[in-house]
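First comes the structure, then the notes that go with it.
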Amino acid sequence: ISGEILVNEPMSLHTTWRIGGPADLMLIPEDIEDCWAAIKLAKKYGIPYLVMGNGSNLLVKDRGIRGLVIKMAAGEVKVDEEQNLIFAPAGTLLPVVARVAADHALSGLEFAVGIPASVGGAIVMNAGAHGKSIGEVVKEVNVLDSDGELLVLPGRDLDFRYRYSNILQKNFIVTKAVFLLARAPAVEIKKRMTEFLEKRRQLQPVGKPNAGSVFKNPAGTSAGRLIDAAGCKGLTVGDAQVSEKHANFILNLDSATAHDVLTLIEQVKNAVYKKFNVMLELEVQVVG
Ligand code: FAD
Ligand code: EPU
């Protein structure tokens, strides 16, 4: 197996929250054959495995992850200008893809410029912002199924919904995506991107490690608004704090543990339930 292999690797180095104990083994595969070879070995020896992208939606527990973590690597983004298509490997960062699209006067990924996701992670979560989500521009994805078959699936087969696609449930690994975009003047695309980044800077916290929205928005309302109205802004457990700027963000002030964050999550859920009779659902994925 080629690619980078790391032993006892602190997951805090691989999550945007900068939290998480060690993974027994981490592989950053060079290509999809390495990925499958590692999974085959893991299966043969009954070793659990987890695939990750940029770790921007992961809360890894303090005891870390037993088994193998496969971190998808970034790769070259290709453009077919005639057909308005962008081809991106799963580990590539979404803002990078959005900027390549803009440079080629292709519109549709502007919303993604501030989302620190990998392409694969964004598709799994159907990441979205500013009224758009990635499912709307996915033409097709290449996935590796749990038998090692490489499948090409059209976007419409992925059952994209709010922060959901059927990929996790099917245990697929996204290896590559093709986006179908629309022609537009590059200056307009870049202007929209700047506006979206500015809006984000105004509304969302910057500076302290976080994982974006901790909870999904309940139908018809916003988790941030409910948490705020329940009086949770500034609530702190250890070094984990509900952001004063946006209540659906939990900040790692310095050396927060996963335990701090999980305790704070419970406190926030209880406060919102008590006040509004609404049970918030996690958007972040707890692993380990
Ligand atoms: P990870 O966190 O690494 O993984 C998330 C899940 O996807 C895990 O279950 C993992 O196993 C699975 N996964 C990852 N890659 C693959 C793959 N290749 N194949 C199969 N499964 C895979 N989200 C939004 O939707 N909108 C926003 O505006 C937004 N803003 C954010 C702002 C900040 C500052 C931060 C830190 C996060 C924000 N997020 C936002 C959350 C996060 O970026 C998204 O959930 C994103 O889709 C996660 O992508 P990732 O590559 O980091 O995935
Ligand atoms: N609000 C408050 N108090 C707060 C925060 C928000 O009252 O502390 C209010 C705002 O005033 C606004 C409403 O709640 O009226 C909605 O807030 P915002 O516009 O910030 O959007 P959001 O619903 O909190 C969603 C996504 C974000 C995405 C933004 C921008 C979810 C869970 N969150 O946030 O995605 O960036 O819209 O489109 O859907 C993520 O998923 O990780 C994420 C950051």
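For ligands, and for the atoms within them, numbers begin at 1 and follow the listed sequence. Here the structure is a predicted model, which is why all the values come from computation and not from measurement.
Closest protein heavy atom to atom 18 (P) of ligand 2: His246 NE2, 3.9 Å.
A salt bridge links Glu81 to Arg183: at least one charged side-chain nitrogen sits closer than 4.0 Å to a carboxylate oxygen. A salt bridge does not link Asp254 to Lys208: none of the charged nitrogens lies less than 4.0 Å from a carboxylate oxygen. Looking at Arg161 and Asp159, a side-chain N of the basic residue comes within less than 4.0 Å of a carboxylate O on the acidic one, giving a salt bridge.
With atom 28 (C) of ligand 2 as the reference point, the heavy atom nearest to it among Gln202, His130, Gln204 is part of Gln204. By heavy-atom distance, the residue among Ser222, Pro218, Gly128 lying nearest atom 16 (C) of ligand 2 is Ser222.
The closest donor-acceptor contact from the side chain of His104 to the backbone of Leu106 lies at 3.5 Å or more, if one exists at all. One N or O on the side chain of Asn126 and one on the backbone of Gly135 form a donor-acceptor pair closer than 3.5 Å.
In Lys233, the part holding a heavy atom less than 4.0 Å from any atom of ligand 2 is the side chain. Heavy atoms of Asn217 found under 4.0 angstrom from ligand 2 belong to the backbone as well as the side chain.
Close approach to Tyr162 involves these atoms of ligand 2, each under 4.0 Å from a residue heavy atom: 31 (C), 32 (C), 39 (O). The Thr16 neighbourhood of ligand 1 comprises atoms 36 (C), with distances under 4.0 Å to a heavy atom of that residue.
At least one N/O-N/O distance between Arg163 and ligand 2 falls below 3.5 Å.
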